[in-house]
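Reviewing the structure listed below.
Any value given below was found using the heavy atoms of this structure, including those in side chains, with hydrogens, waters and symmetry copies removed. Throughout, a chain's letter reflects where its sequence line sits, starting with A, and its residues are numbered from 1.
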Amino acid sequence: MDNKLFIYNTLTRTKEQFKPIHEGHLGLYVCGPTVYGDAHLGHTRPAITFDLLFRYTRHLGYKVRYVRNITDVGHLENDADEGEDKIGKKARLEKLEPMEVVQYYTDRYHAHMDALNVLKPSIEPRASGHIIEQLQIVDKIMDKGYAYESNGSVYFDVEKYNQQHNYGQLSGRVLDELYSTTRSLDGQGEKRNSFDFALWKKASPEHIMRWPSKYSEGFPGWHLECSAMSAKYLGETFDIHGGGMDLMFPHHECEIAQSTIAHGHVLANYWMHNNMITINGQKMGKSLGNFITLEEFFSGNHKLLTQAYDPMTIRFFILQAHYRSTLDFSNEALQAAQKGLQRLMEAYARLDKLTAGEKSDFNITEWQEKCHEALNDDLNSPILISHLFEAVKWINSMVAGQATLTADDLKLFTQYMHLFVEEILGLKNSIDAKGGGEVLKNVIDLLLTLRMEAKARKDWATTDKIRNELQAMGVLVKDTKDGFEWELK
RNA sequence: GGUCGGUUGGCCGAGUGGUUAGGCAACGGUCUGCAAAACCGUGUACGGCGGUUCGAGUCCGCCAUCGACCUCCA
């Protein structure tokens with residue numbers, strides 16, 4: 001197996017060669033969405049980043065089990081004490097059953113991910129379906145003396161943990177500093193230290209989502225689900241844990257602490273964090289209220305958007321930046337991505353029409369190796385894309401009759417283009433994406449064949465009429481050397 | 001305040017101690033019934049000031065500036 005994949009491990013702050021726990025297998029856990037609202041552009045980053053990892057590692061030959069959770073309980077509005085469950089709050093506001101809210105936004109999340117051609121994870125567990133597993137972890141931590149009960153709630157004893165372990169190993173926090181920097185909120189009285197986090201919360205009377213336990217009728221703390229579900233489906237130690245950089249602290253740090261105590265060993269060998277998408281230089285997020293949902297991108301229905309954007313444009317926009325860099329949103333940047341993607345996909349579609357020649361003007365093997373090297377270097381999709389644009393030039397010069405590939409090379413080249421464009425980057429032609437279908441395709445081809453006949457007899461009126469009317473319907477026609485091309489706008 | 005990370009040509013974005021990132025936009029040319037597309041060519045970017053070096057956007061120091069996290073956040 002090609003095992004030259006290097007990934008940046010947040011734990012060590014270096015790029016490391018990836019070595020799986022079990023040869024040929026890869027366990028991947030990524031923090032998924034909290035389904036209390038529509039996914040926005042920011043949520044799209046981890047989905048696409050880890051989709052790329054999923055696709056690439058499968059291509060490398062790993063049998064990948066990709067677990068991405070759905071958080072449908074346990075996320076509090078504020079810090080552990082006085083908060084209200086996000087799902088419960090939304091349910092109250094909309095007078096819906098909490099699970100009705102969960103179902104609604106889960107369905108929409110799935111639809112949006114499908115549109116973005118994000119593959120379904122192997123397992124998509126829900127927090128609410130794993131209350132028992134979460135309580136088992138609470139018990140284990142209690143048994144080992146690293147948690148304490150207070151007024152029906154259970155908190156993790158960070159100070160005690162830090163005596164034997166390093167609370168802050170992932171995020172670079174130093175516990176001493178957290179004494180002074182942790183924000184003091186109301187109702188912290190139940191905790192020994194403000195930085196202790198809840199494993200189990202006693203439900204207040206008005207709290208809708210609640211489960212019985214020996215501690216109280218309540219609900220799990222928000223870090224717990226990931227520890228419970230990753231252990232259940234991937235084992236107590238697994239290969240890669242992913243998520244957004246903003247989850248590094250406290251979420252991932254708490255996960256590590258909980259799992260380390262409950263299971264007695266390392267949670268994950270590699271931690272990968274995608275950076276944020278910014279808007280006007282600031283993080284796009286819920287709290288700032290500066291987010292644009294995917295729905296709004298697809299429809300163009302938002303005051304900051306000058307047009308609608310195809311899901312593939314969004315995908316390409318994200319892949320054009322490295323996942324560990326911030327990526328700044330703007331209409332200009334998105335439009336540039338749209339045009340670039342269009343050029344790439346048009347050339348890609350032309351591959352089928354190429355005919356082999358006597359000699360090869362391009363070195364396909366060398367090119368393919370560079371593409372793999374880019375991916376092996378911490379999933380450097382921007383570099384891969386730059387190589388693909390080199391291929392675009394090749395294709396176009398071959399179409400123009402200025403260069404050739406031998407039959408063997410052409411076949412190889414076509415296979416690799418398919419691999420990189422569709423299988424690994426997950427890009428697809430907008431004609432397919434828009435569901436044009438065979439019939440429509442054939443009808444347009446027929447019309448344009450008629451137009452070619454009119455053109456041949458220099459009937460410019462008919463020639464232009466067909467082109468212009470098709471264009472008005474959203475079909476862009478382009479003449480080629482001895483034929484035509486078209487695309488749906 | 002603490003911790004961490006940015007600052008690259010008109011825009012977006014890679015990378016690297018010495019040789020072209022790439023895309024978009026712009027300009028010039030070729031092709032073309034027209035248009036579109038395509039192809040070819042052009043632009044001497046690397047926040048500032050010092051230092052190390054034969055040579056630094058690339059390493060070091062200082063300064064400026066922006067941001068992320070420290071509270072829910074992808």
Side-chain angles (χ1 to χ4, degrees), chain A residues 13 30-34 39-50 75-80 83 86 168 171-174 176-178 180-185 194-195 222 242-251 253 273-278 281-288 291 316-317 320-322 324-344 346-347 350 374 377 380-390 392-393 395-397 399-403 455 458-460 463-464 467-468 471 476-481 484-487:
Chain A
R13 316 241 161 202
V30 175
C31 296
T34 303
H40 64 247
L41 188 62
H43 298 277
T44 312
R45 192 97 190 257
I48 288 176
T49 296
F50 294 104
H75 240 156
L76 300 178
E77 283 284 318
N78 302 308
D79 193 29
K86 281 183 175 171
S171 60
R173 297 299 134 116
V174 178
D176 284 346
E177 283 159 4
L178 289 175
S180 55
T181 59
T182 301
R183 202 176 281 195
S184 62
L185 296 161
S194 58
F195 45 69
W222 79 282
M245 271 183 188
D246 51 352
L247 295 181
M248 238 158 73
F249 190 90
H251 183 54
E253 203 68 63
H273 290 95
N274 62 275
N275 214 136
M276 301 294 105
I277 288 180
T278 57
Q282 271 199 318
K283 174 183 164 181
M284 181 181 284
K286 286 270 180 211
S287 43
L288 288 165
F291 60 92
F316 188 67
F317 173 67
Q320 265 194 312
H322 185 83
R324 282 192 293 111
S325 301
T326 55
L327 172 60
D328 199 47
F329 154 82
S330 70
N331 279 283
E332 226 182 336
L334 231 32
Q335 281 159 12
Q338 182 181 39
K339 292 248 177 77
L341 174 64
Q342 193 178 332
R343 202 160 93 84
L344 174 62
E346 280 172 12
R350 286 176 188 133
D377 185 15
N380 200 325
S381 52
I383 292 292
L384 171 61
I385 289 171
S386 79
H387 295 323
L388 294 182
F389 275 107
E390 191 183 359
V392 166
K393 284 192 176 171
I395 293 169
N396 288 334
S397 61
V399 169
Q402 293 161 355
K455 194 177 162 188
K458 297 195 193 299
D459 176 0
W460 307 129
T463 305
D464 289 346
R467 183 176 67 196
N468 295 341
Q471 186 146 358
L476 186 67
V477 179
K478 299 173 210 165
D479 288 348
T480 60
K481 210 173 166 113
F484 56 82
E485 285 184 352
W486 59 270
E487 67 190 76

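The same atom, C1', is picked in rC24(B) and in rC31(B); the two are 23 Å apart, to the nearest Å. The gap from the P atom of rC63(B) to that of rG2(B) amounts to 13 Å, rounded to the nearest Å. A distance of about 11 Å separates the P atoms of rA74(B) and rC69(B), rounded to the whole Å. Across rU3(B) and rU71(B), the matching P atoms stand 16 Å from one another, rounded to whole Å. Rounded to a whole angstrom, the distance from the C1' atom of rG5(B) to that of rG22(B) is 24 Å. rG23(B) and rA64(B) are spaced 38 Å apart, taking the P atom of each and rounding to whole Å. Taking the C1' atom of each, rA35(B) and rC11(B) are spaced 27 Å apart, rounded to whole Å. Rounded to whole Å, the separation between the C1' atoms of rG17(B) and rG13(B) comes to 22 Å.
In this structure, CG of Leu178(A) is placed 13 Å from P of rC4(B), rounded to the nearest angstrom. Atom NE2 of His251(A) and atom C1' of rA68(B) are 18 Å apart (whole Å). Taking atom CD of Gln282(A) as the reference point, atom P of rG67(B) lies 6 Å away to the nearest angstrom. With rounding to whole Å, Arg324(A) atom CZ is found 10 Å from rA14(B) atom P. Rounded to whole Å, the distance from CG on Asp246(A) to P on rC70(B) is 8 Å. We find that CZ of Phe329(A) is positioned 18 Å from C1' of rG67(B), with the value rounded to whole Å. Here rU71(B) presents its P atom at 21 Å from NZ of Lys286(A), a figure rounded to the nearest Å. Glu253(A) places its CD atom 14 Å from the P atom of rC4(B), with the value rounded to the nearest Å.
In a base pair of the Watson-Crick type (N1 to N3 plus N6-O4 or O6-N4) or a G-U wobble (N1-O2 and O6-N3), with each distance short of 3.5 Å, rC59(B) is matched with rG51(B). Applying the Watson-Crick and G-U wobble criteria (two distances, each under 3.5 Å), rA35(B) pairs with nothing in any strand. Nucleotide rG22(B) is matched to rC12(B) when pairs are restricted to Watson-Crick or G-U wobble geometry with both distances under 3.5 angstrom. In this structure rC4(B) sits in a base pair with rG67(B), meeting the Watson-Crick or G-U test at under 3.5 Å.
Neither side chain, Arg324(A) nor Asn274(A), offers a donor N or O lying under 3.5 Å from an acceptor on the other. Side-chain atoms of Gln342(A) and Glu346(A) include a donor-acceptor pair closer than 3.5 Å.
Of the possible donor and acceptor atoms, none in the side chain of Ser325(A) sits under 3.5 Å from a partner among the backbone N and O of Ala321(A). Glu253(A) contributes a side-chain N or O that, together with a main-chain N or O of Gly168(A), makes up a donor-acceptor pair within less than 3.5 Å. For the pair Asp459(A) (side chain) and Lys455(A) (backbone), a donor-acceptor distance under 3.5 Å is absent.
Contacts of Leu41(A) with the nucleic acid, taken as non-hydrogen atoms under 4.0 Å apart, are absent. Residue Gly42(A) is in base contact, counting any heavy-atom pair closer than 4.0 Å across all strands shown. Contact annotation for Met284(A): base contact, defined as any heavy-atom pair under 4.0 Å involving a base atom. Gln402(A) comes within 4.0 angstrom of the backbone, heavy atoms only, and of no base. At the heavy-atom level, Met245(A) lies nowhere under 4.0 Å from the strands shown. If you check every strand for non-hydrogen atoms under 4.0 Å, Ala321(A) touches sugar and phosphate atoms only.
Considering Leu327(A), Leu341(A), Thr44(A), Ile48(A) as possible partners of Phe317(A), the one that fulfils the side-chain contact (heavy atoms from CB on, under 4.5 Å) test is Leu327(A).
Here the OG1-CD1 distance, from Thr326(A) to Ile277(A), works out to 10.0 Å after rounding to the nearest 0.5 Å. Between the OG atom of Ser171(A) and the CE atom of Met248(A) there is a distance of 6.0 Å, given to the nearest 0.5 Å.
Here Asn275(A) does not reach the OP1 or OP2 of rG5(B): none of its side-chain N or O atoms lies under 4.0 Å away. Taking 4.0 angstrom as the limit, Asn274(A) places none of its side-chain polar atoms (N or O) nearer than this to OP1 or OP2 of rA74(B). Between Lys283(A) and the phosphate of rC69(B), there is a side-chain N or O to OP1/OP2 separation shorter than 4.0 Å. Of the side-chain N and O atoms in Ser325(A), one or more sit less than 4.0 angstrom from OP1 or OP2 of rA14(B).
Using cut-offs of 30° and 60° for the angle between ring planes, the Trp222(A) and His251(A) rings count as parallel.
The listed nucleotides are rG2(B), rA37(B), rA14(B); the one nearest the side chain of Glu346(A) is rA37(B). Here the side chain of Pro46(A) is nearest to one of rC70(B), rA14(B), rA74(B), namely rA74(B). Comparing atom distances between the Leu327(A) side chain and each of rG13(B), rC39(B), rC72(B) picks out rG13(B) as nearest.
The shortest distance between side-chain heavy atoms of Val477(A) and Gln471(A) does not fall below 4.5 Å.
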- Query: Hey, mind stepping through Arg45(A) and Met276(A) against side chain to side chain contact (heavy atoms under 4.5 Å, CB included) and telling me if it holds?
  - Reply: CA-CA 8 Å; Arg45(A) 192 97 190 257; Met276(A) 301 294 105; 5.8 Å; no
- Item | From CA spacing to verdict: side chain to side chain contact (heavy atoms under 4.5 Å, CB included), Arg343(A), Asn396(A) | CA-CA 10 Å; Arg343(A) 202 160 93 84; Asn396(A) 288 334; 4.1 Å; yes
- Message: As a quick check of understanding, evaluate side chain to side chain donor-acceptor pair (under 3.5 Å) for Asp328(A) and Thr278(A), giving each step before the final call.
- Response: CA-CA 5 Å; Asp328(A) 199 47; Thr278(A) 57; 2.6 Å; yes
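Along RNA chain B, the nucleotide closest to His43(A) and the one closest to Phe317(A) are compared, and the more 5′ of them pairs with Phe317(A). Annotation: of the two residues near RNA chain B, Leu288(A) and Gly285(A), the 5′-most nearest-nucleotide partner is Leu288(A).
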- For each nucleotide in nucleotides 18-23 of chain B, reading 5' to 3', give B when a protein heavy atom comes within less than 4.0 Å of its base, S when such contact involves only the sugar-phosphate, and - otherwise. ---BSB
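Applying the 90° cutoff around 0 to the glycosidic angle, rG57(B) is assigned syn.
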Got a list of protein N/O to nucleotides 30-36 of chain B N/O distances below 3.5 Å?
from    : atom 1 : to        : atom 2 : distance (Å)
rG33(B) : N1     : Asp464(A) : OD1    : 3.1
rG33(B) : N2     : Asp464(A) : OD2    : 2.9
rC34(B) : O2     : Arg467(A) : NH2    : 2.8
rC34(B) : N3     : Arg467(A) : NH1    : 2.9
rC34(B) : N3     : Arg467(A) : NH2    : 3.4
rC34(B) : N4     : Asp479(A) : OD2    : 3.1
rA35(B) : N6     : Asp479(A) : OD2    : 3.3
rA35(B) : N1     : Asp479(A) : N      : 3.4
rA35(B) : N3     : Arg467(A) : NH1    : 2.8
rA36(B) : N1     : Asp479(A) : O      : 2.9

